[in-house]
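The structure appears below as structure tokens.
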Amino acid sequence: MIGMDITRLSLYVALAAVTYLLLLAWQEDYPPLVDSPIAEPPQLLVPSEDIPEIADLPVTLPETVSTTAVASTSESLQNNLLSPRTISASTDTLEMRINLDGGDITYLALPQYLKQLGVNDNPFVLLESGPGRNYVAQSGLIGRDGIDTPQRAKYQAAQESYSLDGDHDNLQIDLRTYSDSGVEIIKRFELQRNSYLVRISYLVNNQTQTDFLANAFGQIKRDRYDDPSSAGGLTRTYLGFVTTSEDDPYIRIDFDDVDDSSESFQTSGGWIGFSQHYFLSAWVPPGNSVNSYTTRKNGNNEYLGEFTSTSFTVAPGEIGTWSMGFYAGPKDQYVLAEVSPNLDLTIDYGFLWFLAAPIYWLLRQIDSVIGNYGVSIIMLTLVVKVLFYKLSETQYKSMADMRRLMPKMQQLRESYGEDRIKLQQATMALYKKEKINPFGGCLPMLVQMPVFIALYWVLMESVELRHAPFVLWLEDLSVRDPFFILPLLMGATMYLQTSLSPAPADPIQAKVMKFMPVMMTVLFLWFPAGLVLYWLTNGLLGIAQQWYITRKIEAAYTSKPAN
């Protein structure tokens with residue numbers, strides 16, 4: 001019995017450890033809305049050259065660094081819906097408005113993603129400018145000849161509205177202005193069909209007698225309001241700024257980090273964005289330039305993530321161009337990887353990313369054939385179970401062997417009574433004689449667990465689950481089951497699995513095992529339905545595997561001639 005108890009205890013400890021790791025991951029990746037103590041902010045790369053303090057008005061960095069602080073308007077922009085200085089642009093993927101004072105994107109909606117399921121012609125709004133919900137993407141030219149200091153540039157457009165028609169795949173919008181010295185500057189927006197990447201270029205036509213010298217900047221400005229794309233419940237996702245550097249490919253800087261201090265660093269290329277559940281906005285400057293990145297908070301309690309480029313020069317009589325990208329859309333792993341290196345890391349799979357990435361690929365492949373993400377989750381779980389069938393067989397064989405030895409173990413317990421030393425020696429001798437490893441059931445489970453945890457994170461981060469229907473009452477796999485049917489079925493499945501296993505000899509362990517299904521059911525009541533469907537499917541397949549393998553093993557032992 002001692003060996004049997006050791007095996008069960010090891011399994012319980014492993015299960016408890018995995019549950020604890022999941023809870024720790026929730027605490028780290030899905031913090032509560034209320035303010036709470038946080039860890040120290042990430043250590044960012046600090047350049048060797050001195051960088052002036054970033055103020056609301058731009059200042060030029062030393063020529064040796066040749067970067068510029070980002071311009072920031074002193075007051076929030078008024079609602080662009082009522083602004084006469086606003087133009088609109090639309091494609092199949094983006095609906096946006098551009099304020100001609102600065103050429104900033106002050107509104108951006110995603111027509112292929114609804115704000116609310118069942119309400120058509122109401123796209124999800126990513127960027128907006130209004131009281132209490134200011135989230136805009138600003139860009140411009142600053143520095144010696146910059147046109148966005150001390151006031152924003154005043155642009156003119158040929159039209160008030162631009163739209164991508166069915167005969168073209170590209171939409172170009174030109175905004176024109178002149179610098180104080182008479183240099184013509186065109187701020188060009190280029191949008192493409194089926195793309196969430198906006199290319200923004202500055203075309204500088206310098207017909208003066210002196211060089212034109214400026215620095216480009218991109219800035220994301222946002223108030224501290226909740227994530228409108230969050231599913232709520234216990235599954236809170238990261239909300240905050242994200243960036244990359246040569247030393248750290250993925251850096252997260254949340255609101256509390258910005259409250260503590262402003263952070264700045266320089267790197268070649270790079271990007272800076274704002275991440276929320278399922279969606280991302282990010283400035284992506286050219287990869288061949290050195291850029292200065294900063295996160296800070298201004299006097300209006302607005303949070304800013306920004307970059308400034310090294311200065312560029314346009315000689316007299318020349319036309320120069322400086323371009324950057326702005327991504328605003330869903331977190332698609334493969335699309336983001338093409339936009340910029342490490343941008344796909346904003347889909348945060350945690351430390352098991354190397355397992356999650358191929359699982360996500362497999363899920364996409366399955367759904368491309370089936371076309372229903374609920375069924376695809378079931379099929380994916382089945383595929384994983386089949387791949388680990390041999391390990392499961394080893395696990396259940398070990399459990400069957402231990403169950404077969406229970407009568408002999410009971411005899412040893414009766415023979416040695418309270419003499420635990422002799423009982424342990426006799427038990428180990430019995431294991432050796434029967435060629436049984438008491439820990440044989442633990443290793444297969446521990447090997448499989450990282451894969452199932454990675455699958456959990458894939459389902460948590462996949463934008464494909466948003467508004468994805470399954471069957472009947474399950475119209476959105478990204479939110480909780482409205483009638484709690486899946487969590488209750490999952491709890492019943494866990495209880496059945498527990499009942500199929502022999503009760504532990506230790507009464508405390510027995511009580512813990514009986515309580516575990518109840519605890520997990522309560523926990524999963526608020527989980528997205530897609531995740532609960534995965535755990536339910538995994539449990540049902542586990543029961544089927546356990547029943548089949550156990551019966552097969554017991555039949556094999558029954559057919560053996562007695563010694």
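Count residues from 1 along the sequence. Note that this is a predicted model, so its numbers are computed, not measured.
- A salt bridge does not link Asp148 to Lys187: none of the charged nitrogens lies less than 4.0 Å from a carboxylate oxygen.
- Taking every heavy atom of both residues into account, Ser340 and Trp271 meet most closely at OG-CD1, 3.3 Å.
- Residue Gln151 places its CD atom among 12 or fewer non-hydrogen atoms of other residues, nucleotides or ligands, all under 6.0 Å distant.
- A tilted orientation is assigned to the rings of Phe307 and Tyr293, their planes being inclined by 30° to 60°.
- A cation-pi arrangement is absent between Arg466 and Tyr113, since the terminal nitrogen or guanidinium carbon is not both under 6.0 Å from the aromatic centre and inside a 45° cone about the axis.
- Using a 4.5 Å heavy-atom cutoff, the side chains of Gln112 and Asp92 are in contact.
- In this structure, Ser309 contributes its side chain and Ala216 its backbone to a donor-acceptor pair below 3.5 Å.
- Of the possible polar contacts, one joining the Ser195 side chain to the Leu197 backbone as a donor-acceptor pair under 3.5 Å is found.
- Of the possible donor and acceptor atoms, none in the side chain of Asp248 sits under 3.5 Å from a partner among the backbone N and O of Ile251.
- Using cut-offs of 30° and 60° for the angle between ring planes, the Tyr456 and Phe527 rings count as tilted.
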side-chain contact (heavy atoms from CB on, under 4.5 Å) for Lys154 and Arg85? Distances and angles first, verdict last. CA-CA 9 Å; Lys154 304 295 183 181; Arg85 292 278 298 161; 4.0 Å; yes
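- Shown here for Leu175 and Ala157, the closest heavy-atom pair between the two residues is CD2-CB, 3.8 Å.
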Intermediate values then yes/no, side-chain contact (heavy atoms from CB on, under 4.5 Å), Ile105 and Tyr107: CA-CA 6 Å; Ile105 303 174; Tyr107 174 88; over 6 Å; no
Take Phe189 and Phe326 through the ring pair (Phe, Tyr, Trp, His ring centres under 6.0 Å) test and state the conclusion after the steps. CA-CA 10 Å; Phe189 291 78; Phe326 178 70; 9.5 Å; no
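- With ring centers used as reference points, Phe124 lies under 6.0 Å from Phe279.
- Pairs passing the salt bridge (charged side-chain N to carboxylate O under 4.0 Å, His left out) check and including a residue from residues 265-286, sequence neighbours excluded, do not occur.
- A pairwise comparison of heavy atoms in Tyr327 and Val335 identifies CE1-CG1, 4.1 Å as the closest pair.
- Under a 3.5 Å cut-off, the side chain of Trp283 and the backbone N or O of Gln219 do form a donor-acceptor pair.
- Atom CG of Asp165 sits in a crowded spot, with more than 12 heavy atoms from other residues, nucleotides or ligands closer than 6.0 Å.
- Using a 4.5 Å cut-off on side-chain heavy atoms (C-beta onward), Val183 and Val314 make no contact.
- Asp481 contributes atom CG, which lies 5.0 Å from atom CG of Leu474 (distance to the nearest 0.5 angstrom).
- With respect to Val242, the side-chain contact (heavy atoms from CB on, under 4.5 Å) criterion is satisfied by exactly one of Asp254, Leu343, Leu280, Asn342: Leu280.
- In this structure, a donor-acceptor pair under 3.5 Å is absent between the side chains of Tyr238 and Asp227.
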Stepwise, does the side chain to side chain donor-acceptor pair (under 3.5 Å) test hold for Gln207 with Asn205? CA-CA 6 Å; Gln207 298 304 316; Asn205 184 3; 2.6 Å; yes
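- Under the 6.0 Å distance and 45° angle rule, Arg222 counts as a cation-pi partner of Tyr135.
- Considering all non-hydrogen atoms of both residues, Leu127 and Ala137 come closest at CD1-CB, 4.0 Å.
- Under the 3.5 Å distance criterion, with hydrogens and angles disregarded, a donor-acceptor pair is assigned to the side chains of Asn291 and Ser289.
- Nearest heavy atoms, Thr295 versus Gly305: CG2-CA, 4.3 Å.
- Here the side chain of Thr91 pairs a donor or acceptor atom with the backbone of Leu94 at under 3.5 angstrom.
- Contact detail for Asn194 and Thr93: the closest heavy-atom pair is CA-CG2, 3.7 Å.
- Counting heavy atoms from C-beta on, the side chains of Trp322 and Leu141 never come closer than 4.5 Å.
- The environment of OH in Tyr225 is crowded: more than 12 heavy-atom neighbours from other residues, nucleotides or ligands sit within 6.0 Å.
- Look at Asp104 and Lys221 and you find no salt bridge, because none of the NZ, NE, NH1 or NH2 atoms lies under 4.0 Å from a carboxylate O.
- Among pairs with a residue in residues 327-341, those fulfilling salt bridge (charged side-chain N to carboxylate O under 4.0 Å, His left out) read Asp332-Arg364, at least two apart in sequence or across chains.
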Set out, in order, the CA-CA distance, both residues' side-chain angles and the distance that settles side-chain contact (heavy atoms from CB on, under 4.5 Å) for Phe274 and Leu126, then state yes or no. CA-CA 11 Å; Phe274 190 89; Leu126 185 61; over 6 Å; no
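- Between the side chain of His168 and the backbone N or O of Arg193, no donor-acceptor pair lies under 3.5 Å.
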For side-chain contact (heavy atoms from CB on, under 4.5 Å), just list the numbers for Met460 and Leu531, CA-CA rounded to whole Å, side-chain angles, deciding distance to a tenth of an Å, and then say yes or no. CA-CA 7 Å; Met460 177 65 72; Leu531 291 173; 3.3 Å; yes
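- Taking 4.5 Å as the limit, some side-chain heavy atom of Pro228 sits within range of a side-chain heavy atom of Arg133.
- No side-chain heavy atom of Tyr278 sits under 4.5 Å from any side-chain heavy atom of Thr237.
- Leu203 has its side chain within reach of Arg188: a pair of non-hydrogen atoms, C-beta onward, lies under 4.5 Å apart.
- Using a 4.5 Å cut-off on side-chain heavy atoms (C-beta onward), Phe470 and Leu533 make contact.
- Side chain to side chain, Trp457 and Asp348 fail the donor-acceptor criterion of an N or O pair below 3.5 Å.
- Checked by atom type and distance alone, the side chain of Ser90 never pairs as donor or acceptor with a backbone atom of Glu95 at under 3.5 Å.
- Taking CD1 of Ile378 as the reference point, atom CG of Leu380 lies at 11.0 Å (rounded to 0.5 Å).
- A 4.5 Å side-chain heavy-atom check between Ile147 and Ile185 finds at least one atom pair inside the cut-off.
- Within the structure, the salt bridge (charged side-chain N to carboxylate O under 4.0 Å, His left out) test picks out no pair touching residues 267-278 (sequence neighbours left out).
- A side-chain donor-acceptor contact under 3.5 Å links Asp145 to the backbone of Leu213.
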Ser129 and Asn134: side chain to side chain donor-acceptor pair (under 3.5 Å), yes or no, with the steps? CA-CA 4 Å; Ser129 179; Asn134 193 38; 3.1 Å; yes
